Chemist: 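Once you've had a glance at the structure underneath, I'll fire off some questions.
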Amino acid sequence: MDTSEQAWSDVDAYLVDELVKQDDALLAARSSAREHGLPPIEVAPNQGAFLALVTRIAHARRVLEVGTLAGYSAIWFARAVGAGGRVTTVELDPRHAAVARENFERAGVADLVDVEVGPALDVLARLAEQGVEPYDVVFIDADKANMPAYLELTLRLVRAGSVIVGDNMVRSGAVIDQSNNDPEVQGVRDFLHAIGTDPRLDGTALQTVGSKGWDGFAIAVVR
Ligand code: SAH
Ligand code: DHB
Ligand code: MG
């Protein structure tokens with residue numbers, strides 16, 4: 001059996017072909033990111049479908065995303081919440097936000113999505129101070145050094161039963177490499193430690209392989 005990264009990608013392609021219906025707008029969200037020179041780091045198509053399923057299983061109406069890029073994952077969330085739902089997605093880079101807005105228009109979800117442009121630490125703190133209605137699902141997928149701070153702020157923006165998902169928990173095993181002191185890796189370690197120890201959360205993490213290499217998701221529910 002071939003266990004190479006190429007094989008992981010080939011199996012992802014097979015699973016996406018069998019199971020993931022991407023319309024032109026979802027495909028365009030990926031290609032537009034490349035055309036505008038944005039990094040190829042959006043979730044894989046089957047991961048987008050997975051996040052949409054989590055959202056539907058949670059009967060979520062309000063989703064908060066930290067890290068928009070070109071809006072690919074946000075389109076999945078917007079379609080999962082449907083009309084009557086709302087997605088707030090936070091993006092530091094105004095150029096990314098502009099590409100994402102075009103993609104939301106093309107996908108027919110622009111009316112469901114608020115793009116908040118700015119450092120997520122500031123935006124999340126402001127949303128908490130405003131006392132916005134709690135979010136049902138939160139997807140944390142921006143700069144990894146701030147993941148513990150995003151988790152702490154998120155806990156002011158949720159209710160019992162809300163679901164928190166974190167991306168990029170494994171990064172080819174970097175998370176357990178003791179010689180790796182990269183703040184991004186340490187941020188992931190502290191995020192996982194918080195999920196494992198915070199009495200407000202029940203959570204776990206799963207490794208993934210596929211078209212994005214060897215990585216993983218954390219998922220937690222608010223007690
Ligand atoms: N969730 C997206 C991918 C997000 S990539 C998808 O799957 O389609 C991470 C994004 O986080 C990038 O667009 C980057 O500009 C943004 N980002 C990085 N640091 C940030 C910060 N401090 N605040 C908000 N967004 C940030
Ligand atoms: C990177 C960031 C991501 O959110 C991701 O899913 C993959 C890679 C990165 O910064 O390299
Ligand atoms: Mg990611």
Side-chain angles (χ1 to χ4, degrees), residues 5 9 12 20 22 25-34 36-52 54-55 63-80 87-104 106-107 109 113-127 137-151 153-154 164-175 180 182-185 187-188 191 205-219:
E5 289 218 25
S9 277
D12 255 6
V20 185
Q22 293 190 91
L26 275 170
L27 294 170
R30 301 185 79 87
S31 55
S32 74
R34 301 300 85 77
H36 288 89
L38 276 52
I41 57 175
E42 59 275 299
V43 294
N46 47 341
Q47 293 177 334
F50 170 77
L51 294 171
V54 168
T55 304
V63 174
L64 174 64
E65 175 178 75
V66 184
T68 312
L69 195 67
Y72 180 75
S73 53
I75 293 171
W76 278 105
F77 284 123
R79 290 180 171 172
V87 176
T88 300
T89 183
V90 185
E91 175 55 53
L92 177 65
D93 189 327
R95 293 165 304 171
H96 296 190
V99 175
R101 285 197 181 96
E102 280 180 29
N103 285 321
F104 298 147
R106 186 161 33 216
V109 299
V113 183
D114 297 312
V115 187
E116 297 282 351
V117 181
L121 288 177
D122 296 352
V123 174
L124 266 50
R126 176 170 54 74
L127 292 171
V137 169
V138 180
F139 181 47
I140 305 180
D141 188 24
D143 51 322
K144 311 308 169 195
N146 281 318
M147 290 214 72
Y150 296 149
L151 182 62
L153 286 164
T154 293
I164 302 170
V165 179
D167 194 21
N168 309 113
M169 294 297 109
V170 176
R171 295 302 271 279
S172 303
V175 69
N180 190 329
D182 182 342
E184 298 242 319
V185 174
V188 169
F191 180 82
L206 291 171
Q207 301 183 68
T208 54
V209 295
S211 58
K212 292 195 69 182
W214 174 25
D215 215 324
F217 286 112
I219 185 163

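Counting convention: from 1, in listed order, for ligands and their atoms alike. Remember, predicted model here, so these are calculated numbers, not experimental data.
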Chemist: Any heavy-atom pair between the side chains of Phe191 and Lys144 that's under 4.5 Å?
Modeler: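 No, too far: nothing below the 4.5 Å cut-off.
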Chemist: Please work out, at 4.0 Å between heavy atoms, whether the side chain, the backbone, both, or neither of Pro119 comes within that distance of ligand 1.
Modeler: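 Backbone only.
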Chemist: Looking only at protein heavy atoms, identify the closest one to atom 5 (C) of ligand 2 and say how far it is in Å.
Modeler: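 Answer, as residue, atom name and distance: Asn168 ND2, 3.0 Å.
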Chemist: Does the side chain of Met147 reach to within under 4.5 Å of the side chain of Ile140, using non-hydrogen atoms?
Modeler: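 Sidechains of Ile140 and Met147: in contact.
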Chemist: Can you give me the closest heavy-atom contact between Arg34 and Pro39, atom names plus distance?
Modeler: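 In this case the closest contact between Arg34 and Pro39 is NH2-O, 2.9 Å.
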Chemist: Which of the atoms of ligand 1 are close to Glu65, meaning less than 4.0 Å from one of its heavy atoms?
Modeler: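 Counting from 1, the qualifying ligand atoms are 1 (N).
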Chemist: Is Gly67 close to ligand 1, meaning an N/O of one under 3.5 Å from an N/O of the other?
Modeler: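 Yes, since at least one N or O of Gly67 sits under 3.5 Å from an N or O of ligand 1.
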Chemist: Side-chain contact test, heavy atoms from C-beta onward, threshold under 4.5 Å: evaluate it for Thr208 versus Phe217 and give yes or no.
Modeler: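 Side chain of Thr208 against side chain of Phe217, heavy atoms only: contact under 4.5 Å found.
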Chemist: Any idea which heavy atoms bring Ala70 and Ala29 closest together, and the distance?
Modeler: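 Closest heavy-atom pair between Ala70 and Ala29: CB-O, 3.8 Å.
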Chemist: Are Val90 and Leu124 packed together at the side-chain level, in the sense that at least one heavy-atom pair is separated by less than 4.5 angstrom?
Modeler: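 Result yes, sub-4.5 Å side-chain heavy-atom pair found.
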Chemist: Any N/O/S of Asp215 under 2.8 Å from the Mg ion (ligand 3)?
Modeler: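 No.
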Chemist: Given 3.5 Å as the limit, does a donor-acceptor pair link the side chain of Asp12 with the main chain of Ser211, or not?
Modeler: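 The answer is yes, because a donor-acceptor pair under 3.5 Å joins these two groups.
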Chemist: At less than 4.0 angstrom from any non-hydrogen atom of Glu42, what atoms of ligand 1 do you find?
Modeler: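 So the answer, numbered in order with elements, is 6 (C), 7 (O), 8 (O).
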Chemist: Side chain or backbone of Thr68 under 4.0 Å from ligand 1, or both, or neither, by non-hydrogen atoms?
Modeler: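 Just the backbone.
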Chemist: Give me the atom names and distance for the closest heavy-atom approach of Val175 to Val188.
Modeler: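 That closest heavy-atom pairing would be CG2-CG1, 4.0 Å.
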Chemist: Considering only protein heavy atoms, which is closest to atom 12 (C) of ligand 1, and at what distance to one decimal place?
Modeler: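 Looking only at protein heavy atoms, the one closest to atom 12 (C) of ligand 1 is Glu91 OE1, 3.5 Å.
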Chemist: Does any non-hydrogen side-chain atom of Glu184 lie less than 4.5 Å from one of Asp143?
Modeler: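 The answer is yes; the side chains approach within 4.5 Å.
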Chemist: Among all protein non-hydrogen atoms, which one is nearest to atom 23 (N) of ligand 1, and what is the separation to 0.1 Å?
Modeler: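 Result: Ala120 N, 2.9 Å.
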Chemist: If you measure from each non-hydrogen atom of His96 to ligand 1, which part falls under 4.0 Å: side chain, backbone, both or neither?
Modeler: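 For His96, only side-chain atoms sit under 4.0 Å from ligand 1.
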Chemist: Out of all atoms in ligand 2, which are within 4.0 Å of some heavy atom of Asp167? Include the element for each.
Modeler: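 Listed by number with element: 6 (O).
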Chemist: To check your reading of the model: name the closest protein heavy atom to atom 17 (N) of ligand 1, its residue, and the distance in Å.
Modeler: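 The closest one turns out to be Ala142 CB, 3.9 Å.
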Chemist: Considering Asp141, Val99, Leu69 one by one, which has a heavy atom nearer to atom 9 (C) of ligand 1 than any of the others?
Modeler: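 The nearest heavy atom belongs to Asp141.
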Chemist: Hey, is the main chain of Val66 close enough, under 3.5 Å, to the side chain of Asp141 for a donor-acceptor pair?
Modeler: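 No, the answer is negative, given that no donor and acceptor are paired below the 3.5 Å cut-off.
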Chemist: Distance check below 2.8 Å: does Asp167 bring an N, O or S atom to the Mg ion (ligand 3)?
Modeler: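 Yes, within the cut-off.
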Chemist: I'd like to check whether Lys144 has a polar contact with ligand 2, where a contact means an N/O of the residue lying under 3.5 Å from an N/O of the ligand.
Modeler: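 Yes, there is a polar N/O contact under 3.5 Å.
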Chemist: Any idea which protein heavy atom is nearest atom 10 (O) of ligand 2, and the distance to it?
Modeler: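 Scanning the protein heavy atoms, the shortest distance from atom 10 (O) of ligand 2 goes to Arg171 NH2, 3.7 Å.
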Chemist: For Gln22 and Tyr72, which I'm curious about, is there any donor-acceptor pair between the side chains at under 3.5 Å?
Modeler: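 Yes, a side-chain donor-acceptor pair sits under 3.5 Å.
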Chemist: Are any of the side-chain heavy atoms of Phe104 and Thr68 separated by less than 4.5 Å?
Modeler: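 Counting from C-beta outward, Phe104 and Thr68 do come under 4.5 Å.
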Chemist: Using non-hydrogen atoms of the residue, decide whether Glu184 is closer than 4.0 angstrom to ligand 2.
Modeler: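 In this structure, Glu184 fails to qualify as a contact of ligand 2 - no heavy atom is under 4.0 Å.
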Chemist: Determine yes or no for a side-chain-to-main-chain donor-acceptor pair under 3.5 angstrom, with Glu91 supplying the side chain and Leu69 the backbone.
Modeler: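 Side chain of Glu91 to backbone of Leu69: a pair is present.
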Chemist: Is it the side chain, the backbone, both or neither of Ile41 that has a heavy atom closer than 4.0 Å to ligand 2?
Modeler: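 Both backbone and side chain of Ile41 come within 4.0 Å of ligand 2.
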Chemist: What is the OD1(Asn168)-the Mg ion (ligand 3)-OD1(Asp141) angle, to the nearest 10 degrees?
Modeler: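 If I round to 10°, I get 90°.
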Chemist: Would you mind checking which non-hydrogen protein atom is closest to atom 7 (O) of ligand 1, with the distance to 0.1 Å?
Modeler: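 The closest one turns out to be Val43 N, 2.9 Å.
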Chemist: Students should be able to answer this: which protein heavy-atom is nearest to atom 24 (C) of ligand 1, and at what distance?
Modeler: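 That would be Leu92 N, 3.3 Å.
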Chemist: From atom 6 (C) of ligand 1, work out which of Ser73, Gly48, Ala145, Pro94 has a heavy atom at the shortest distance.
Modeler: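 Comparing heavy atoms across Ser73, Gly48, Ala145, Pro94, the nearest one to atom 6 (C) of ligand 1 lies in Ser73.
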Chemist: For ligand 2, is there an atom lying under 4.0 Å from some heavy atom of Glu42?
Modeler: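 No.
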Chemist: If you define the side chain from C-beta out and look only at heavy atoms, does anything of Phe139 sit under 4.5 Å from Val43?
Modeler: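 The answer is yes; the side chains approach within 4.5 Å.
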Chemist: Testing Glu65, Glu42, Gln47 one by one against Ser73 for a side-chain contact (heavy atoms from CB on, under 4.5 Å), which residue passes?
Modeler: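 For Ser73, the side-chain contact (heavy atoms from CB on, under 4.5 Å) test succeeds with only one of Glu65, Glu42, Gln47, which is Glu65.
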Chemist: List ligand 1 atoms under 4.0 Å from Ile41, heavy atoms only on the residue side.
Modeler: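 Listed by number with element, the hits are 5 (S).
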Chemist: Just jot down the ligand 2 atoms closer than 4.0 angstrom to any heavy atom of Asp141, in number order.
Modeler: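 Going through ligand 2 atom by atom, the ones under 4.0 Å from Asp141 are 4 (O).
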Chemist: Which atom pair, heavy atoms only, marks the closest approach of His96 to Leu38?
Modeler: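 For His96 versus Leu38, the nearest heavy atoms are CD2-CG, 3.6 Å.
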Chemist: Show the atoms of ligand 1 that are less than 4.0 angstrom away from any heavy atom in Gly118.
Modeler: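 By the 4.0 Å cutoff, the relevant atoms are 23 (N), 24 (C).
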Chemist: Measuring only between side-chain heavy atoms, which start at C-beta, is Val20 closer than 4.5 Å to Trp76?
Modeler: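 SC-SC contact between Val20 and Trp76 confirmed.
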Chemist: Provide the number and element of each atom of ligand 1 under 4.0 Å from a heavy atom of Asp143.
Modeler: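 Going through ligand 1 atom by atom, the ones under 4.0 Å from Asp143 are 18 (C), 19 (N), 20 (C), 21 (C), 22 (N).
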Chemist: So which bit of Tyr150 gets within less than 4.0 Å of ligand 1, heavy atoms only: side chain, backbone, both or neither?
Modeler: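 Under 4.0 Å from ligand 1, Tyr150 contributes side-chain atoms alone.
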Chemist: Which residue and non-hydrogen atom of the protein lie closest to atom 6 (O) of ligand 2, and at what distance in Å?
Modeler: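 Ranking protein heavy atoms by distance from atom 6 (O) of ligand 2, first comes Lys212 NZ, 2.4 Å.
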